[in-house]
Amino acid sequence: MKKSSSQIVVLYWHRTDLRLHDSPALEAALALKPSVFIPVWTWDPHYVYRARVGPNRWKFLMECQSDLSKSYTKLNAKQKLWVVREAPQTVLPKLWEKWGITHLVFEKDTDAYARERDSAVIQMAEKAGVEVVTRMGRTLFDPDELVRKNGGKPTMSMSQVERAMEKIDGGKPARPVETPQSVPDPWKDDQMNLSDLDHEMADSNPDLNAEHRANEDRQYDEIMGPNKDFGVPTLEEIGIDPSSVQAPHRGGESAALKELSQFIADEEYIATFEKPKTSPAAFEPQSTTLLSPHLHFGSLSVRKFWWDVQDVMERRKKAKKQNAGPPANLPGQLLFRDMYFAAQAAVGAPFARVEGNSVVRFIDWHLQSKLVQSEEKKNKKHRKGTEKGDENILPARDYELDSSEAEEWFQRWKTGRTGFPWIDALMRQLITEGWIHHLGRHSVACFLTRGGCYISWERGAEVFEEYLIDHETACNAGNWMWLSCTAFFAQFYRCYSPIAFGKKWDPNGDLIRRYVPELAKFDKKYIYEPWKAPIADQKKWGCRVTNDDKDTASGKGGPQVYPKPMFDFDERRQFCLDKMKAAYDVGLYGNDKKVLNGEWKELFGEDGNERTDEPEKKKRKTSS
DNA sequence: AATCAGGTTGGTGTC
DNA sequence: CGACACCAACCTGAT
């Protein structure tokens, strides 16, 4: 493609911004007045094979892409979202050569992998003489800016975030920008065609999502897709059986804006919203807005969300109606997201794990991640295709099988067979629908870590990464650290009970009846503790509570069975409390030398029940 | 330096 | 059903 000196050809790279409304980056791209405009999505093998993504999130992503593509076509019949099936690091240089690109524009992303990827891309673009334009747009405030205003340190509390944001533009996020009413043409079809391009096949080994693929995986066979039309991939194309997708949640900017406007119309709901007072057990309708998946994929702008809510609350304030205050209210909830983004932006890749993480407390959990530092060194020679910076991107993490009992508990937690109906209902809701209420996440996360199993939060975070349609690395890791009392939160004596907590919200056990149907007929007296029901009642209600958990919920032929609880919760609660206190006394953090070289073991008791007498250190030293 | 209040959302028991 | 004290006791940040 010949470049004419005056022509402006813009490649707009969609990633975390599957929308047209309130996109500062898209606005900047169109402000260049391009004569040719090509909005692309690069179908990145890193996300496809190295991130954990279950069927529900694939579907949601595809719906976001299809909706955006249709919206482009509505603005310009020649336009769509051009999906290119290759890694951005290899395909973008080919694209700007092939299409004579003069400007590359995208939304800034401070996620650890994104930074690695984007800096590589920017470097290549500059070398090729392609001008790069980026704009912040994913969060209320630029995470890097929040960090700077927080003295360069990760934001570890809401008060820090509030103080930092006060120093930025009067403490309020930017107002949404205009939605474009038109977009320029792409090249003509024959010029867009990439058939002659040298197509680099994706490395599908290891494929962290292999277990979800029922059919052959041919998604990378053709760079423009099987129909050579740059189409949005389908579930079938990526090897997933569409019938395995059960989430009722629909993706796409159109759906997001409609849902938001419905909530905004209910001013009473918006103004009196208080997160701790929303029910984790509610379904149809759910008690919260469920807009988080849209924030993740950028099908809804968080600043539009914030300002629409803010405007309602201002109106109500003038009308002298009582509003709920932050952080429990909706703007406060959105600010929490920014806190996690800014904390991650300051810490980098280790934020999502224990190893090398300066903000996470080290606890002697079961099933800890194996250290990659040493593994990495050992295998370096044998690993081919290891790109620079790969050590910052941690795909499949192996973990220490230090306890077969803990491993069994983990598997039972993961599959919703713990014998605690409240926990099992939530886990099954997570697996089938990809979404559970925030307090439900608290409940199951506390149970897996400091309030039951004493298993590493990293195991839980991986399961959430796989199944949540709203999974966001910064928020997921941040919340897991919060709930496991290893960062952000330290009151480990406040422990969620798998029985009392659910009962408080849902005394009839409706959530359990829906997601653990084998218990549907149990009287509400026993629904949270079915093992206490008399045998005669268990028979009458059609489900035996038994130690044999193998056939749980099979329901084929014989009578239904449900497992007895896998441990005595009160006993485990006390055990965890004692262990947490001991681990806090030891006082190690994820980046301490003794964590990295394994010496931590000497500081914790041998049998896992007691600790050595001398605390390592009482006060934490902050680096310079 | 020592103390105290506050921290998104615990559980239990009483009024 | 809501508000409150108490349980036992972590941290940070302000004074």
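Residue numbers begin at 1 in each chain, while the letters A, B, ... track the order of the sequences.
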Closer than 4.0 Å, any side-chain N/O of [X] to the OP1 or OP2 of [N]?
X: Lys581(A); N: dC10(C); value: yes
X: Arg163(A); N: dA14(C); value: yes
X: Gln160(A); N: dT12(C); value: no

Whether [Y] and [X] form a salt bridge (side-chain N of Lys/Arg under 4.0 Å from carboxylate O of Asp/Glu) is what I want to check.
X: Asp537(A); Y: Lys525(A); value: no
X: Arg513(A); Y: Asp506(A); value: no
X: Lys108(A); Y: Asp144(A); value: yes

Say you pick atom [atom1] in [N] and the same atom in [M]; how far apart are they, in whole Å?
N: dA14(C); M: dT8(B); atom1: P; answer: 14 Å
N: dG13(C); M: dA1(B); atom1: C1'; answer: 15 Å
N: dG6(B); M: dA5(C); atom1: P; answer: 13 Å
N: dA2(B); M: dA9(C); atom1: P; answer: 23 Å
N: dG7(B); M: dC4(C); atom1: P; answer: 16 Å

Would you say the base of dT8(B) stacks on Phe336(A) (centre-to-centre below 5.5 Å, plane angle below 30°)?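 By the stated criterion, Phe336(A) and dT8(B) stack.
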
May I ask you to list the residues of residues 495-504 of chain A, by number, that have any heavy atom positioned under 4.0 Å from an atom of DNA chain B?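 DNA chain B contact set from residues 495-504 of chain A: Cys495(A), Tyr496(A), Ser497(A), Ala500(A), Phe501(A), Lys504(A).
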
How long is the straight-line distance from CG of Asn476(A) back to CH2 of Trp457(A), given to the nearest 0.5 Å?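 Here the rounded value is 8.5 Å.
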
Identified salt bridge (charged side-chain N to carboxylate O under 4.0 Å, His left out) counterpart of Glu267(A) within the set Arg315(A), Arg316(A), Lys317(A):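 Passing option: Arg315(A).
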
Show me, range against range, the stems involving DNA chain C, built from at least 3 consecutive Watson-Crick or G-U pairs below 3.5 Å.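 Output for stems: B:2-7 with C:10-15, B:10-15 with C:2-7.
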
With a 4.5 Å heavy-atom cut-off, do Asn56(A) and Tyr467(A) have their side chains touching?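 No, too far: nothing below the 4.5 Å cut-off.
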
Can you tell me how far [atom2] of [N] sits from [atom1] of [X], to the nearest Å?
X: Phe489(A); N: dG13(C); atom1: CZ; atom2: P; answer: 16 Å
X: Lys275(A); N: dG10(B); atom1: NZ; atom2: P; answer: 14 Å
X: Asp338(A); N: dT8(B); atom1: CG; atom2: P; answer: 15 Å
X: Tyr584(A); N: dC11(C); atom1: OH; atom2: P; answer: 7 Å
X: Gln491(A); N: dC11(C); atom1: CD; atom2: P; answer: 11 Å
X: Met156(A); N: dC11(C); atom1: CE; atom2: C1'; answer: 11 Å
X: Arg573(A); N: dG11(B); atom1: CZ; atom2: C1'; answer: 8 Å
X: Asn479(A); N: dT9(B); atom1: CG; atom2: P; answer: 13 Å

Go through dC10(C), dT8(B), dT9(B) for me and flag the one nearest to the Pro327(A) side chain.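 Among the listed nucleotides, the one closest to the side chain of Pro327(A) is dT8(B).
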
Earlier contact from the 5' end, DNA chain C, for Pro507(A) and Ser157(A):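 Nearest nucleotide further toward 5': that of Pro507(A).
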
Quick one: on DNA chain C, does Phe492(A) or Lys277(A) contact a more 5' nucleotide (nearest heavy atom)?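 Final value for this comparison: Lys277(A).
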
For a side chain to side chain contact (heavy atoms under 4.5 Å, CB included) with Leu577(A), tell me which candidate from Met580(A), Lys581(A), Gln574(A), Lys579(A) qualifies.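 With Leu577(A) as partner, Met580(A), Lys581(A), Gln574(A), Lys579(A) yield a single side chain to side chain contact (heavy atoms under 4.5 Å, CB included), made by Gln574(A).
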
Assess Arg459(A) against Phe410(A): is NZ or CZ under 6.0 Å from the centre of the six-membered ring, and within 45 degrees of the ring's axis?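 Not satisfied by the 6.0 Å and 45° rule.
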
Among pairs that include at least one residue of residues 262-295 of chain A, which meet ring pair (Phe, Tyr, Trp, His ring centres under 6.0 Å), considering only residues two or more places apart or in two chains?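 Of all non-adjacent pairs touching residues 262-295 of chain A, those that pass ring pair (Phe, Tyr, Trp, His ring centres under 6.0 Å) are Phe60(A)-His294(A), Phe263(A)-Tyr269(A), Tyr269(A)-Phe273(A).
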
For a quick check of understanding: with a heavy-atom distance under 4.0 Å over all strands, which category does [X] fall into, base, sugar-phosphate or nothing?
X: Gln333(A); value: base
X: Tyr493(A); value: base
X: Arg361(A); value: sugar-phosphate
X: Arg450(A); value: nothing

Phe522(A) and Trp541(A) aromatic ring geometry - parallel, tilted or perpendicular at 30°/60° bounds: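 Answer is tilted, since the angle falls between 30° and 60°.
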
Phe420(A) vs Phe447(A) aromatic rings, parallel, tilted or perpendicular, using cut-offs 30° and 60°?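 Aromatic pair Phe420(A)/Phe447(A) classed perpendicular.
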
